[in-house]
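Written below as structure tokens is the structure these notes are about.
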Amino acid sequence: QVHLVESGGGLVQAGGSLRLSCAASIRIFNLNPMAWYRQAPGKERELVAAITRIGSTNYADSVKGRFTISRDNAKNTVYLQMNSLKPEDTAVYYCAAGSAANYWGQGTQVTVSS
């Protein structure tokens, strides 16, 4: 069983930054890809960013240039650095792993005030 635990969410003003972390219970080298999703109230869950085992990344158009996904295989942790945050980034952010997003964390709330 794979457990993913997110942390780092919170309340921040527009223009601010947050870094989310996702700690995995097993070696993340074996989890490919790893990704961050988000779900805002009344909206569907959407892919924010993903990273493969070898470090290839892709981003939603809405976050390109502002968010950066990275992974530290030695710490079994994936990060999402979020800069220049906007109120529309407010959502619950989830970490997911596996080619079919087989495993999910419990989510962490990010709230961006205007």
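Heads up: numbering here begins at 1 and tracks the sequence.
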> Taking all non-hydrogen atoms of both residues, which atom of A50 and which atom of L47 are closest, and how far apart?
Replying inline: CB-CD1, 4.4 Å
> Can you pull the disulfide bond (SG atoms under 2.5 Å apart) pairs that have at least one residue in residues 78-114, sequence neighbours excluded?
Replying inline: C22-C95
>> Quick check: closest heavy atoms across M34 and V78, and the distance to 0.1 Å?
In response: SD-CG2, 3.2 Å
> Can you name the ring pair (Phe, Tyr, Trp, His ring centres under 6.0 Å) partners of Y79, sequence neighbours left out?
Replying inline: none
> Q39: what forms a side-chain contact (heavy atoms from CB on, under 4.5 Å) with it, not counting sequence neighbours?
Replying inline: R45, Y94
> Which pairs count as side chain to side chain donor-acceptor pair (under 3.5 Å) when at least one residue sits in residues 11-28, sequence neighbours excluded?
Replying inline: S17-N83
>> Just to verify, what does E88 make a side-chain contact (heavy atoms from CB on, under 4.5 Å) with, not counting sequence neighbours?
In response: K86
> Any idea which heavy atoms bring A96 and A101 closest together, and the distance?
Replying inline: CB-CB, 4.2 Å
> With sequence neighbours left out, what residues match V110 under side-chain contact (heavy atoms from CB on, under 4.5 Å)?
Replying inline: L18, L20, M82, Y93, V112
>> So, taking the atom named CG in L80 and the one named OH in Y37, what distance separates them when rounded to the nearest 0.5 Å?
In response: 13.5 Å
Please tabulate, for the side chains in residues 63-74, all donor-acceptor contacts under 3.5 angstrom to protein atoms that are two or more places apart in sequence or on a different chain.
from: K64; atom 1: NZ; to: D61; atom 2: OD1; distance (Å): 3.1
from: R66; atom 1: NH1; to: S84; atom 2: O; distance (Å): 2.9
from: R66; atom 1: NH1; to: D89; atom 2: OD2; distance (Å): 2.7
from: R66; atom 1: NH2; to: S62; atom 2: O; distance (Å): 2.9
from: R66; atom 1: NH2; to: D89; atom 2: OD1; distance (Å): 3.0
from: R66; atom 1: NH2; to: D89; atom 2: OD2; distance (Å): 3.4
from: R71; atom 1: NE; to: N73; atom 2: OD1; distance (Å): 3.1
from: R71; atom 1: NH1; to: I51; atom 2: O; distance (Å): 3.4
from: R71; atom 1: NH1; to: T52; atom 2: O; distance (Å): 3.0
from: R71; atom 1: NH2; to: I28; atom 2: O; distance (Å): 2.5
from: R71; atom 1: NH2; to: L31; atom 2: O; distance (Å): 3.2
from: D72; atom 1: OD1; to: A74; atom 2: N; distance (Å): 3.1
from: D72; atom 1: OD1; to: K75; atom 2: N; distance (Å): 3.2

> Does any N or O in the side chain of E6 come within less than 3.5 Å of the main-chain N or O of G107, such that one atom is a donor and the other an acceptor?
Replying inline: yes
>> With a 4.5 Å cut-off on side-chain heavy-atom distances among I, L, V, M, F, W and Y, is there a chain of contacts connecting Y103 to I26?
In response: yes
> At what distance, to the nearest 0.5 angstrom, does CD of Q109 lie from CG of L11?
Replying inline: 9.5 Å
